[in-house]
Amino acid sequence: MPNLKIYVDEKLMPERREAIAESLKAVREAMCDKLEVEPSACQIAVVPVLALPDQPGANVEISMLPRPARTPERLSELGEQLRDLVGGAAGVPVAVRAWTVDAEKYVSVK
């Protein structure tokens, strides 16, 4: 159930929208590989935001249920991949944050 949100400074969207959209397949492939999930388990969204000029132009936040293979090292590797993929598409520095959610308190309704 990896849930990934890419927050992009809205000023970048007119020029970089297509490149960002094209990067999403590679983003999902990286998630599937590092988190050992099928594509159907991934939720990805791009959200234009108002951002301060001294912040990274894009911010990636990913949450997931814990699994033994999702070590800090593996999540760092995924973070580096996501930073490079999104940064290349958006043309700006990217911050990535990843965390696991408490499986006992997690609820999903589809």
Side-chain angles (χ1 to χ4, degrees):
M1 65 60 54
N3 188 338
L4 182 131
K5 301 253 185 334
I6 303 170
Y7 299 96
V8 180
D9 188 325
E10 69 177 6
K11 292 178 286 205
L12 299 171
M13 290 304 285
E15 180 181 324
R16 306 305 292 194
R17 181 184 195 92
E18 188 173 324
I20 292 167
E22 289 175 3
S23 75
L24 297 181
K25 183 176 180 186
V27 165
R28 184 172 63 188
E29 288 172 358
M31 290 170 59
C32 289
D33 177 55
K34 292 293 182 191
L35 302 177
E36 300 175 350
V37 295
E38 295 297 317
S40 62
C42 299
Q43 176 67 37
I44 301 172
V46 177
V47 183
V49 297
L50 290 173
L52 294 169
D54 61 346
Q55 295 178 164
N59 181 40
V60 177
E61 295 185 357
I62 182 169
S63 63
M64 70 215 77
L65 289 169
R67 286 191 183 170
R70 294 178 182 168
T71 63
E73 294 79 20
R74 194 164 184 114
L75 294 180
S76 291
E77 290 171 8
L78 174 59
E80 291 171 2
Q81 283 184 296
L82 295 174
R83 180 195 60 208
D84 294 345
L85 289 167
V86 174
V92 294
V94 174
V96 178
R97 293 169 183 85
W99 64 89
T100 57
V101 298
D102 184 341
E104 291 182 21
K105 296 179 182 176
Y106 177 76
V107 176
S108 176
V109 178
K110 295 182 183 183

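Heads up: numbering here begins at 1 and tracks the sequence. From a predicted model like this one, the values you see are computed outputs, not experimental measurements.
- Across all their heavy atoms, Pro56 and Pro93 have their closest contact at CB-O, 3.5 Å.
- Checked by atom type and distance alone, the side chain of Arg16 never pairs as donor or acceptor with a backbone atom of Val8 at under 3.5 Å.
- A donor-acceptor contact shorter than 3.5 Å is absent between the side chain of Arg74 and the backbone of Leu35.
- Heavy-atom contacts from other residues, nucleotides or ligands closer than 6.0 Å to CZ of Arg17 number 12 or fewer.
- For the atom pair CD of Glu38 and CZ of Arg28, the computed distance is 10.5 Å after rounding to the nearest 0.5 Å.
- For Ala51 against Lys11, the heavy-atom pair with the smallest separation is O-NZ, 4.3 Å.
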Q: Begin from the C-alpha positions of Val27 and Ile44 and carry the test side chain to side chain contact (heavy atoms under 4.5 Å, CB included) through to its verdict.
A: CA-CA 9 Å; Val27 165; Ile44 301 172; 4.2 Å; yes

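- Cluster annotation: Val46 and Val86 are assigned to the same hydrophobic cluster (Ile/Leu/Val/Met/Phe/Trp/Tyr, side-chain heavy-atom contacts under 4.5 Å, transitive).
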Q.
Could you go through Ile20 and Met13, starting from their C-alpha distance and side-chain angles, then the distance that decides it, and tell me whether this counts as side chain to side chain contact (heavy atoms under 4.5 Å, CB included)?
A. CA-CA 9 Å; Ile20 292 167; Met13 290 304 285; 4.0 Å; yes

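- Here the side chains of Ile6 and Val94 are not in contact, with every heavy-atom distance at 4.5 Å or above.
- We find the CG-CZ distance between Leu78 and Arg70 to be 10.0 Å, quoted to the nearest 0.5 Å.
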Q: For Val37 and Arg67, run side chain to side chain contact (heavy atoms under 4.5 Å, CB included): C-alpha distance rounded to whole Å, both residues' side-chain angles, the deciding distance at 0.1 Å, then the answer.
A: CA-CA 11 Å; Val37 295; Arg67 286 191 183 170; 4.0 Å; yes

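- Leu50 and Val92 fall into different hydrophobic clusters, where Ile, Leu, Val, Met, Phe, Trp and Tyr residues are linked whenever their side-chain heavy atoms come under 4.5 Å apart, directly or through other members.
- Heavy atoms from other residues, nucleotides or ligands lying under 6.0 Å from CZ of Arg83 number more than 12.
- Arg97 places no side-chain N or O within donor-acceptor distance of the main-chain N or O of Asn59, the cut-off being under 3.5 Å.
- Hydrophobic clustering, with ILVMFWY side chains joined whenever heavy atoms are under 4.5 angstrom apart, keeps Tyr7 apart from Leu82.
- Taking all atoms of both residues into account, the shortest heavy-atom contact from Ile62 to Pro2 is CD1-CB, 4.3 Å.
- Leu65 is listed as a side-chain neighbour of Val101, based on a closest heavy-atom distance under 4.5 Å.
- Separating the CE atom in Met31 from the SG atom in Cys42 is a distance of 4.0 Å, to the nearest 0.5 Å.
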